Amino acid sequence: MEKTAKILQENNAEIMKIWQNQVVQEVLASKESDSIALYNQLPDLINDIARLMIRYDKMEGFNKDEKYVEILKTSEEHGKQRSTKVYYTAEQIVHEYIIFHRTLSEFLISHDGYSEKVSDLLKYVIETSILKSVGSFSRSIQDMQEKLIGTLAHDIRNPLAAAQLSLEMMKQDKTGEWTDKSRIAAQRSVKKAINLIEGLMNGITVKSGEGMLLTFESSDLLKEMKFVHAESKEVYTREINLEYNAKDIIGIFDKTAVKRLVENLIGNAVKYGSINKPITISIEDEKDAVAIKVHNWGNPIPPSKQEQIFKFMGSAKRNKKPASASWGMGLTLTQIVAEAHGGNINLVSDEKTGTTFTVNLIKQFNEVGKRRAKLTFVLENI
C-alpha cells in the first residue's frame with residue numbers, strides 16, 4: 001500500500017479542499033458554523049492513514065500502532081469540538097465521516113491507488129473513528145446537561161432554605177411583630193426557587209453549541225444589584241458593602257442570570273473570605289459597559305488554582321473531581337453569563353490586595369428576547 005500512501009501524502013491539500021467543499025454542501029449544520037473544526041486536523045489525519053499504509057501491508061496489528069491511536073484521539077477531539085457548534089447532531093457527524101470516506105475512496109480510484117486492502121483499512125479506520133467521535137460528542141453534551149442541572153439544583157437549596165427559615169420565624173413569632181416581614185421573605189424565596197426550577201427544565205434540553213437559556217430585556221442593572229445587596233445582608237451575618245458610581249445603569253441584560261452570577265460570587269466570598277473584614281460589591285458604569293466587582297479579604301487563591309478555576313466544563317474525563325470544584329460550579333456559570341453579555345470575568349488574588357472577581361458586561365450586546373448562551377468547553381486532551 002506504499003503507492004497509495006504516497007498519493008495521499010502528495011495530494012493532502014487537494015483532498016482536504018474537496019472534503020471541505022462537500023461538507024459545506026451536504027451537512028446543514030456546517031453552514032451555520034464559523035469554521036470547520038476538522039479542517040485543521042484533516043491533514044494530520046490523512047498523513048496518519050498514509051503512515052499506517054506504509055507500515056502495514058496487511059491488517060494484522062495496525063490497530064495497536066501509535067498512529068492509529070492518534071487517529072482515534074483526533075476523532076474524539078472532533079466530536080467534542082462539534083458539541084460546541086450550534087445545530088450539530090450525531091447524525092451530521094457521521095455524515096461528515098461518510099463524506100471523508102467517500103472523498104478518499106473516489107480520489108484514490110481516480111489516481112489508480114485503490115485496492116481491496118486499501119478499502120478494508122479505510123473502512124476499519126473510519127468506522128472506529130465515527131464511534132469515537134460520536135461517543136465524545138454525546139458525552140460532551142451530557143456533561144454540559146449534568147453540570148447545568150447540578151448547578152441549578154444546588155442553587156435551588158438556598159432559597160428553599162431561606163423560605164423554610166422565614167416560615168419557622170413566623171411560627172415562633174408570638175407577638176406578630178415579624179410575621180409580615182417573614183411572609184414577604186418566604187414568598188420572595190419561593191419565587192426565586194420557581195425561577196430556578198424553570199431553568200432546571202431548560203437545562204435538560206441542551207443541544208450542541210447551546211448552554212443555559214437566557215432572557216434579555218431592558219433593565220436597570222444597578223437596581224438589581226441593590227436588591228442582591230439588600231438580600232445578601234439579610235441572609236449573611238457578614239458585613240457586605242455596596243459601592244457604585246452612577247444613578248442607574250440601563251442596558252439589555254438577563255437580570256436574573258446576572259443576579260445569580262453576583263450571588264454566587266458573594267457566596268464564595270462569604271465562604272472563603274476573612275470573617276473579620278467586609279465584603280465589597282462595586283458597580284462601575286463605563287459608558288458602553290458595566291464592571292461588577294466582588295472583593296473579599298482572607299487567604300488568596302493559589303496561582304495554580306486561579307488558572308483552573310473557570311475550567312469546570314473543560315474536562316471530558318468523567319467521574320473525576322476537578323481541582324477547582326471546591327469553589328462551586330457557579331463560577332463556570334458566571335463565565336458563561338459574562339460571555340453571553342459580550343463580556344468576560346477575571347480574577348486577581350494575592351495577600352496584599354485580597355481576592356477580586358471582576359465581571360465585565362456590554363450593555364447593548366444583545367437584543368431583547370430569549371436565546372441560549374454558547375456552550376463553553378475548554379478544549380483539552382481527552
Side-chain angles (χ1 to χ4, degrees), residues 1 4-5 8 12 15-33 35-53 56 59-109 114-145 206-209 316-318 375 377 379-382:
M1 290 190 281
T4 301
L8 292 177
N12 197 323
I15 295 171
M16 183 171 65
K17 185 176 180 180
I18 294 171
W19 175 84
Q20 185 181 15
N21 289 338
Q22 289 299 311
V23 167
V24 172
Q25 290 180 24
E26 298 183 31
V27 181
L28 295 177
S30 68
K31 298 177 183 179
E32 303 295 334
S33 301
S35 64
I36 296 186
L38 192 57
Y39 182 94
N40 292 330
Q41 300 166 351
L42 187 56
D44 291 335
L45 184 58
I46 294 174
N47 285 331
D48 287 341
I49 291 175
R51 292 188 186 100
L52 282 178
M53 290 179 173
Y56 298 92
M59 292 284 290
E60 291 86 355
F62 86 90
N63 58 349
K64 296 180 180 179
D65 189 277
E66 61 180 25
K67 292 302 175 184
Y68 178 72
V69 173
E70 288 179 11
I71 289 173
L72 298 186
K73 287 183 178 180
T74 297
S75 300
E76 287 184 315
E77 290 173 4
H78 174 226
K80 187 175 182 182
Q81 287 174 322
R82 282 296 183 262
S83 71
T84 68
K85 302 295 182 182
V86 181
Y87 305 120
Y88 262 93
T89 63
E91 180 180 352
Q92 294 198 60
I93 292 175
V94 173
H95 194 178
E96 284 188 344
Y97 276 98
I98 289 174
I99 295 171
F100 180 59
H101 190 184
R102 185 179 70 210
T103 300
L104 287 180
S105 299
E106 291 178 352
F107 191 89
L108 291 174
I109 290 172
Y114 199 72
S115 66
E116 185 175 346
K117 289 181 180 179
V118 169
S119 174
D120 289 343
L121 186 144
L122 290 180
K123 183 179 180 181
Y124 185 90
V125 168
I126 292 173
E127 284 181 352
T128 51
S129 294
I130 289 173
L131 291 176
K132 289 292 184 179
S133 186
V134 171
S136 178
F137 173 86
S138 300
R139 286 194 301 274
S140 296
I141 299 298
Q142 185 177 348
D143 281 344
M144 185 62 172
Q145 289 175 327
V206 167
K207 299 177 182 179
S208 68
K317 297 178 182 179
R318 304 175 65 79
L375 180 61
F377 276 105
L379 294 176
E380 301 169 347
N381 292 332
I382 299 177

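Source: prediction; values computed, not measured.
- With sequence neighbours left out, the side-chain contact (heavy atoms from CB on, under 4.5 Å) criterion links His95 to Glu26, Val27, Ile99.
- The closest side-chain heavy-atom distance from Ile18 to Glu106 is not below 4.5 Å.
- Between atom CZ of residue Arg82 and atom OG of residue Ser138 there is a gap of 14.5 Å, rounded to the nearest 0.5 Å.
- Ion pair Asp120/Lys123 not flagged as a salt bridge, since none of the NZ, NE, NH1 or NH2 atoms sits closer than 4.0 Å to an Asp/Glu carboxylate oxygen.
- In this structure, Leu72 and Leu131 have side chains that are not in contact, with every pair of non-hydrogen atoms separated by 4.5 Å or more.
- In this structure, Arg102 CZ and Gln22 CD are separated by 5.5 Å, a value rounded to the nearest 0.5 Å.
- Between Ile98 atom CD1 and Ile93 atom CD1 the span is 12.0 Å, to the nearest 0.5 Å.
- Here the side chains of Leu122 and Phe100 are not in contact, with every heavy-atom distance at 4.5 Å or above.
- Using a 4.5 Å heavy-atom cutoff, the side chains of Arg51 and Asp48 are in contact.
- Within the 4.5 Å cutoff, no side-chain heavy atoms of Glu77 are placed close to those of Lys80.
- Among residues two or more places apart in sequence or in another chain, the side-chain hydrogen bond (donor to acceptor under 3.5 Å, both in side chains) test is passed with Ser133 by His78.
- Closest approach of Ser136 and Glu76 over heavy atoms only: OG-O, 2.7 Å.
- Between Leu104 and Val118, every side-chain heavy-atom pair lies at or beyond the 4.5 Å cut-off.
- Partners of Val69 according to the side-chain contact (heavy atoms from CB on, under 4.5 Å) rule, which considers only residues two or more places apart in sequence or in another chain, are Lys73.
- Every residue two or more places apart in sequence or in another chain was checked for a ring pair (Phe, Tyr, Trp, His ring centres under 6.0 Å) with Tyr114, and none qualifies.
- Take Thr128 and apply the side-chain hydrogen bond (donor to acceptor under 3.5 Å, both in side chains) test, not counting sequence neighbours, and it matches Tyr68.
- We find the CE-CG distance between Met53 and Leu8 to be 5.5 Å, quoted to the nearest 0.5 Å.
- The minimum heavy-atom distance linking Ile126 with Tyr97 is given by the pair CG2-O, 3.9 Å.
- Listed by chain and number, the residues in a salt bridge (Lys or Arg N to Asp or Glu O under 4.0 Å) with Glu127 amount to none (sequence neighbours excluded).
- Here the shortest heavy-atom pairing between Thr103 and Ile15 reads CG2-O, 3.9 Å.
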